[in-house]
Amino acid sequence: MRMSKLFSTTLRDVPSEAEIASHQLLLRAGYIRQLGAGIYSYLPLAQRVMSRIEHIMREEMAAIGGQELKMPVVHPADIWQETGRWTQVGDEMARFKDRSGHDMVLAMTHEEVVADLARREIQSYRQLPQLIYHIQTKFRDDPRPRAGLIRVREFTMLDSYSLDRDLAGLDAQYQAHYEAYLRIFNRCGLPVKTVSSDSGMMGGLEAHEYMYLTPVGEDTLLFCIQCEYAANRQVAAFAKPDPPDEVPLPLEKVATPGTATIAELAAYLEISPAKTAKAVFLMAELDDEDSPQMVFAVLRGDMALNETKLANALAAAGKGIVRTLRPALEAEIAAKGATPGYASPIGIDRAQVWVVADDLLPRSPNLVAGANEAGYHLRNTNLGRDYDADIVADIALAEDGAPCPHCQGVLEARRGVEVGNIFKLGTRYTAALGATYLDEDGQPQPIVMGSYGIGVGRLMACIAEEHHDAQGLIWPASVAPFSVHLVLLRGKDGVSEDAAEALYQDLVKAGLEPLYDDRDERAGVKFNDADLIGIPLRVTVSSRSLQSGGYEFKRRGEEDRWIVPVETALSVIMDQIEQGN
RNA sequence: CGGGGUGUAGCGCAGACGGCCAGCGCGCCGCGUUUGGGACGCGGAGGUCGGCGGUUCAAGUCCGCCCACCCCGACCA
């Protein structure tokens, strides 16, 4: 490719909307351009990088028996209605009507389509297992896109689905993906950690996320510094302390003026926050209810609520699938007869409010809780004696420094970007859509599904985040948009130009992919652009290099420069590319 | 959706006390000089000042409404 013809230009100034390195550099180097919030055009340079990433994906998918297909971006609503996600998923699914008034959706994922295909194509256990995948555009109308390509609304994903006759088959395919995806990240030069995760809107049995650890990440992960335990904070467990063994004492009302927060209360009574009960009021919108349901979460005062755990606890207890969960307004709390800041689990109207208690509470005696009267609390409240809960479950948030649930070691919080995820879905979608096979006994059985995804653009952005310096991008050879950056510094006599043209033609003939800077620019401009664009190998052809005996070689990210004789230049370039990969 | 911010040429910005043809740097086009780490001179092109409405003799500048984008939060691959 001649740079004089390349469809993009480099920018000297950083566009003001970009804050993180990958976003700034991908813009400045001419890889991407923004069209709208979370919507980008991928210029030829970016398209080449993504093609190379996708090539790696295809190789690794083929290695575990994947068959590539392509499923639609636009779906009729009815398959989403069949699985219930039409109502479960909120506004992040873009919906519209076609000209005849049918509800349609823009695909945000493809479980429904896979299950639909499975019910049409799969009749017999003899046809299982199957592994199908595609690399396809998805749209999620995220409320807040950010950080350049890290979080966008339209994106392409490698999206893989396994179909099995039983859980053992699913386990095997899950494990195969687990490893294949690690190989993909490894080949792309991106270090990742896997963590246990919430299955979120996918639902299912088990899930892992592949996290690239970086301060610009938006997920919080917890890692045990001693053992292998690692989890997204949304699901992270921790070893809760054993409360002291105490005899339940009689309830006692105490005046506690001006203590609407746990900190104020603990200070006023001169007790530890661990001796108090915290009340959190939330409004849950459920998929099968029109009006929001109030939920009263009770935790020990020294712990914070994990809303994901709470939502999962509600679902597990059969209360319904939570679409959204938000803090209740003071007016809503008062409307249920509770006093904000002094609310009590004792005497709460459980016909109107669901009480969910953290699983530490049944063994935490004599906590101070609100008296449901401004300025008063109750000492010695005991779950089971003074009040009951609709649900008792782990709903506490694991925080930095909490004890590991496996080894009691310390959990450390880190930030990360989720670049991939894998889910054991089970039969949720296949059962809903009636995707069954006949077993050896002629009995219909639901097909067992798994789904596995990697965001291509997000992966590219993370690679850029990981591999750059102050001058620009430094692509790993495996995903670089071109294999070699040929820089011509024109002399007066045309000798350098002829040499560079000849080398360029040789490179093209050899099947390599050179980017040839044939522009009429000064050396500084060309070198700076080369650094920005970040191709691993730079070969400079100039009268100075020719006088030194050939062409000047330099690897991006290294300081060494060396001269290679004209005659051997082509083979050295091929060696360098080989070595880089 | 709550809080904060920004919209003036391709990019970065000034202009805000209403007042000539709306500016600067970079980039872009032409000519010349220059030629190994973002050159210099001369001459050019390029603007619905985010949009609509209002106030006024006069609006980039004042007022109202709307839109877009960015950041923090809620939410998510």
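Values below: all heavy atoms of this structure, side chains included; hydrogens, waters and symmetry mates excluded.
Closest to the side chain of A:Ser16, from the set B:G38, B:C69, B:C13, is B:C13. Closest approach to the A:Arg146 side chain among B:C11, B:C26, B:C72 is made by B:C72 (side chain taken as heavy atoms from C-beta onward). Counting only heavy atoms from C-beta on, A:Thr10 has its side chain closest to B:G38 among B:G38, B:C71, B:C75. Side-chain proximity of A:Arg140 to B:G12, B:A77, B:G37: nearest is B:A77. In this structure, of B:A39, B:C71, B:C11, it is B:C71 that holds the atom nearest to the side chain of A:Glu19. Of the listed nucleotides (B:C76, B:G37, B:G73), B:G37 has the atom at the smallest distance from the side chain of A:Asn528. Distance from the side chain of A:Pro143 is smallest to B:C75 among B:G37, B:C75, B:A77. Among the nucleotides B:A77, B:G27, B:C76, the one closest to the side chain of A:Glu92 is B:C76. Of the candidates B:G37, B:A74, B:C11, the closest approach to any side-chain atom of A:Asp13 belongs to B:C11.
Nucleotides B:C29 and B:G23, compared at atom P, are 23 Å apart to the nearest Å. Between B:C17 and B:C26, the two P atoms lie 29 Å apart (nearest whole Å). Across the C1' atoms, B:G46 and B:C11 are found 14 Å apart, a figure rounded to whole Å. B:A59 and B:G41 have their C1' atoms separated by 39 Å, given to the nearest Å. Rounded to a whole angstrom, the distance from the P atom of B:C69 to that of B:U35 is 48 Å. Taking atom P in both B:G12 and B:G7, the straight-line distance is 11 Å, to the nearest Å. Comparing the C1' positions of B:C57 and B:C52 gives an interatomic distance of 23 Å, to the nearest angstrom. If you take atom C1' in B:A58 and the same atom in B:A22, they sit 16 Å apart, rounded to whole Å.
In this structure, A:Gln34 places its CD atom 7 Å from C1' of B:C69, rounding to the nearest Å. For the pair A:Gln24 CD and B:C70 P, the computed distance is 14 Å after rounding to whole Å. Here the P atom of nucleotide B:C1 and the CG atom of A:Asp142 are 14 Å apart, to the nearest Å. The CG atom of A:Leu221 sits 14 Å away from the C1' atom of B:A77 (whole-angstrom rounding). In this structure, A:Arg144 places its CZ atom 6 Å from C1' of B:C71, rounding to the nearest Å. The distance between atom CG of A:Leu35 and atom P of B:A68, rounded to the nearest whole Å, is 13 Å. Atom CG of A:Asn232 and atom P of B:A77 are 10 Å apart (whole Å).
Side-chain N or O atoms of A:Lys138 include none that pairs as donor or acceptor with a backbone N or O of A:Arg153 at under 3.5 Å. Proximity of a side-chain donor or acceptor of A:Glu154 to a complementary backbone N or O of A:Arg140 within less than 3.5 Å is not detected. Although no hydrogens or angles enter the test, the distance criterion places no donor-acceptor pair under 3.5 Å between the side chain of A:Arg538 and the main chain of A:Lys554. Within the 3.5 Å criterion, the main-chain N or O of A:Ala396 finds a donor-acceptor partner in the side chain of A:Lys309.
Residues in residues 178-189 of chain A take part in these salt bridge (Lys or Arg N to Asp or Glu O under 4.0 Å) pairs, two or more places apart or across chains: A:Glu59-A:Arg187, A:Glu60-A:Arg183, A:Glu60-A:Arg187. Contacts classified as salt bridge (Lys or Arg N to Asp or Glu O under 4.0 Å) and involving residues 213-223 of chain A (residues at least two apart or in different chains) are given here: A:Arg146-A:Glu218, A:Arg151-A:Glu218, A:Glu218-A:Arg458. Among pairs with a residue in residues 519-540 of chain A, none fulfils ring pair (Phe, Tyr, Trp, His ring centres under 6.0 Å), at least two apart in sequence or across chains.
A sub-4.0 Å separation between OP1 or OP2 of B:G37 and a side-chain N or O of A:Gln471 is absent. OP1 and OP2 of B:C11 both lie 4.0 Å or more from every side-chain N or O belonging to A:Arg28.
Base pairing in RNA chain B gives the following stems of 3 or more Watson-Crick or G-U pairs, range against range and under 3.5 Å: B:1-7 with B:67-73, B:10-13 with B:23-26, B:28-33 with B:39-44, B:50-54 with B:62-66.
Residue contacts for A:Gln547: at a heavy-atom cut-off of 4.0 Å it reaches no nucleic acid atom on any strand shown. Among the protein residues, A:Gly36 comes within range of the sugar-phosphate backbone only, with heavy atoms under 4.0 Å from sugar or phosphate atoms but none that close to a base.
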Identify each atom pair where a protein N or O and an N or O of nucleotides 28-36 of chain B are less than 3.5 Å apart, giving names and distance.
from	atom 1	to	atom 2	distance (Å)
B:U34	O2	A:Arg522	NH1	2.6
B:G36	O2'	A:Arg544	NH1	2.8
B:G36	O2'	A:Arg544	NH2	2.6
B:G36	N7	A:Ser542	OG	3.1
B:G36	O6	A:Ser542	OG	2.1
B:G36	O6	A:Ser545	N	3.2
B:G36	N1	A:Glu552	OE2	3.2
B:G36	N2	A:Glu552	OE1	2.8
B:G36	N2	A:Glu552	OE2	2.5
B:G36	N2	A:Arg561	NH1	3.3

Using nucleotides 46-48 of chain B, report all nitrogen or oxygen pairs with the protein that are shorter than 3.5 Å.
none

For nucleotides 5-8 of chain B, print each protein N/O atom paired with a nucleotide N/O atom at under 3.5 Å, atom names and distance only.
none

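Near RNA chain B, meaning a heavy atom under 4.0 Å from it, residues 147-158 of chain A has A:Ala147, A:Arg151, A:Val152, A:Phe155 in order of number.
The aromatic rings of A:Tyr40 and A:His23 sit perpendicular, their planes meeting at an angle over 60°, well past the 30° parallel limit.
Atom CZ of A:Arg414 is surrounded by 12 or fewer heavy atoms from other residues, nucleotides or ligands within 6.0 Å. Other residues, nucleotides and ligands contribute more than 12 heavy atoms inside 6.0 Å of the CG atom of A:Asp493.
Partners of A:Thr214 by side chain to side chain contact (heavy atoms under 4.5 Å, CB included), not counting sequence neighbours, listed by chain and number: A:Tyr212, A:Val216, A:Val417, A:Glu465. Applying the side chain to side chain donor-acceptor pair (under 3.5 Å) test to A:Ser545 and every residue at least two apart in sequence or in another chain returns nothing. For A:Ser8, the side chain to side chain donor-acceptor pair (under 3.5 Å) test picks out no residue, with sequence neighbours left out. Partners of A:Glu19 by salt bridge (Lys or Arg N to Asp or Glu O under 4.0 Å), not counting sequence neighbours: none found.
A ring-centre distance under 6.0 Å is found for A:Tyr31 and A:Trp475. Between A:His110 and A:Tyr161, the distance from one ring center to the other does not fall under 6.0 angstrom.
Side chains of A:Tyr42 and A:Arg33: no donor on one and acceptor on the other come within 3.5 Å. Between the side chains of A:Tyr452 and A:Ser162, at least one donor-acceptor pair of N or O atoms lies under 3.5 Å.
By the 6.0 Å and 45° rule, A:Lys424 stacks over the aromatic ring of A:Tyr174.
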